Amino acid sequence: MIHAIILDDEKHSVATLAWKLEKFCPEIEIVKQFTDSMEALEFIKENPPDLLFLDVEMPRLNGFEVLEELPQPVLFEVILITAYDEFGIRAVKANVLDYLLKPIQNQELKAAIEKFKQKKELENSEQKTITSTIDDSTPKSNRIALATKESIEYVLPKDIILCSSESNYTMIYLEGGRKKLISRTLKDVETWLQDHGFYRVHNSHLVNLSHIKEYVRTEGGYLLLSDGRTLPVARNRKEKLLKML
């Protein structure tokens with residue numbers, strides 16, 4: 001299923017779009033519907049969808065301002081919806097997936113969803129190709145591909161300090177204070193790194209054992225990492241972690 005959020009200040013527009021999606025695009029699951037941009041913004045920051053249907057003209061924050069307030073880069077796709085046709089160039093610059101004029105035509109809606117599916121299939125295919133090229137026989141192939149909408153960065157596992165779950169995304173913390181948010185689950189990342197000295201010390205954290213400086217027994221037990229970050233250790237993972245260290 002494709003998890004979607006609708007944000008439009010007009011209740012009837014939200015209801016109409018929700019009905020059209022249910023009738024013509026059954027692969028879409030509407031997670032939440034909003035008519036208040038500020039309320040929607042706070043929810044989306046904590047619960048990023050796969051796809052956001054975003055009205056342009058709204059009070060408080062318009063659609064473009066909502067996009068600017070979101071953590072960058074925005075990893076989910078956005079389809080702008082508006083009653084005006086004057087925002088086309090700005091929509092392109094905002095790097096949105098599509099731009100639909102109200103009243104939304106059924107065929108145009110279905111075409112936009114098809115475009116989303118094709119883009120995701122291409123991204124997944126590229127990621128599988130990248131992952132399948134990893135071969136331990138050469139040092140160069142030990143690199144891990146971190147793919148975002150903007151780029152694919154190749155890093156050595158030893159340069160990764162920590163991987164932390166953020167809903168359906170994973171934040172990769174690298175040496176030098178850099179970090180990268182990728183559109184993969186922590187379970188996916190764990191599969192890539194399981195043979196490179198990483199251990200999942202908590203449901204939300206996968207740590208590079210070589211970057212652990214200290215295990216502190218107090219306060220339930222936590223780790224001090226090479227970048228100064230502290231990390232909780234789940235009770236049921238503590239014994240195995242200490243043996244590995």
Side-chain angles (χ1 to χ4, degrees), residues 1-11 13-15 17-18 21-22 25 27-81 94-98 113 116 119-120 123-124 127 146-150 160-174 177-190 200-207 220 222-223 225 227 229-234 237:
M1 295 295 287
I2 301 169
H3 299 110
I5 290 175
I6 300 174
L7 170 55
D8 191 319
D9 65 308
E10 298 177 333
K11 289 183 178 180
S13 293
V14 173
L17 178 55
L21 288 170
E22 182 178 355
C25 308
E27 63 271 58
I28 300 291
E29 178 184 345
I30 301 173
V31 177
K32 205 82 172 176
Q33 303 174 22
F34 292 97
T35 55
D36 185 292
S37 55
M38 293 297 294
E39 182 183 346
L41 180 61
E42 293 308 309
F43 181 86
I44 294 169
K45 285 180 179 179
E46 298 298 324
N47 306 275
D50 299 317
L51 180 61
L52 172 63
F53 291 92
L54 179 62
D55 188 24
V56 174
E57 288 295 306
M58 295 182 292
R60 303 184 73 180
L61 291 177
N62 66 37
F64 294 110
E65 290 169 336
V66 168
L67 292 178
E68 290 171 359
E69 290 293 324
L70 287 169
Q72 302 297 320
V74 177
L75 294 183
F76 54 84
E77 299 297 338
V78 177
I79 295 177
L80 289 179
I81 49 178
N95 197 31
V96 300
L97 177 71
D98 213 334
I113 299 303
F116 172 88
K119 185 172 183 181
K120 286 302 171 185
E123 289 176 356
N124 289 337
Q127 186 63 63
L146 306 180
T148 68
K149 289 170 68 175
E150 290 77 23
I160 299 174
I161 299 172
L162 171 68
C163 308
S164 294
S165 173
E166 296 197 7
S167 187
N168 291 324
Y169 304 92
T170 299
M171 183 67 78
I172 310 292
Y173 295 90
L174 300 159
R178 295 195 308 116
K179 59 184 181 180
K180 204 170 189 75
L181 186 66
I182 63 173
S183 181
R184 306 293 292 193
T185 66
L186 187 59
K187 185 177 180 180
D188 291 334
V189 177
E190 184 178 16
R200 196 160 177 172
V201 299
H202 186 279
N203 189 49
S204 300
H205 303 294
L206 178 72
V207 67
Y222 64 91
L223 299 173
L225 304 184
D227 64 350
R229 196 180 307 274
T230 59
L231 200 66
V233 179
R237 300 172 189 259

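If you're wondering where the values come from, they're calculated on a predicted model, not measured in any experiment.
Using a 4.5 Å cut-off on side-chain heavy atoms (C-beta onward), Arg229 and Leu162 make contact. By the 4.5 Å heavy-atom criterion applied to side chains, Lys32 and Leu7 are not counted as neighbours. Counting only heavy atoms from C-beta outward, the side chains of Ile5 and Ile30 never approach each other to under 4.5 Å. Looking at heavy atoms from C-beta onward, Thr230 lies out of side-chain contact with Leu223 at the 4.5 angstrom threshold. Looking at heavy atoms from C-beta onward, Ile2 lies out of side-chain contact with Glu29 at the 4.5 angstrom threshold. When side chains are defined from C-beta on, Phe64 does not count as touching Val66, because their heavy atoms never get closer than 4.5 Å. Using a 4.5 Å heavy-atom threshold, the side chains of Lys120 and Glu77 count as touching.
Every pair passing side chain to side chain donor-acceptor pair (under 3.5 Å) that includes a residue from residues 40-50 is listed here, sequence neighbours excluded: His3-Asp50.
Here the shortest heavy-atom pairing between Val56 and Asn62 reads O-CB, 3.0 Å. Counting all heavy atoms, side chain and backbone alike, Pro48 lies closest to Phe76 at CB-CD2, 3.9 Å.
One distance of note links CD of Glu166 with CG of Leu186; it measures 10.5 Å at 0.5 Å rounding. Note that the CD atom of Gln33 and the OG atom of Ser13 stand 12.0 Å from one another [nearest 0.5 Å]. Going from atom CD1 of Ile182 over to atom CG of Asp188 covers 8.0 Å, rounded to the nearest 0.5 Å. With values rounded to the nearest 0.5 angstrom, Leu80 atom CG is found 8.5 Å from Leu52 atom CG. Taking SG from Cys163 and CZ from Arg184, the interatomic distance works out to 13.5 Å, rounded to the nearest 0.5 Å. Rounded to the nearest 0.5 Å, atoms CG (Asp8) and CG (Asp55) are 3.5 Å apart.
The number of heavy atoms from other shown groups lying within 6.0 Å of NZ (Lys180) is above 12.
Checked against ring-ring contact (aromatic ring centres under 6.0 Å, His included), Phe43 has the following partners two or more places apart in sequence or in another chain: Phe34. With sequence neighbours excluded, the residues satisfying side chain to side chain donor-acceptor pair (under 3.5 Å) with His205 are Ser164.
In this structure, the side chain of Ser37 engages the main chain of Leu61 through a donor-acceptor pair within 3.5 Å.
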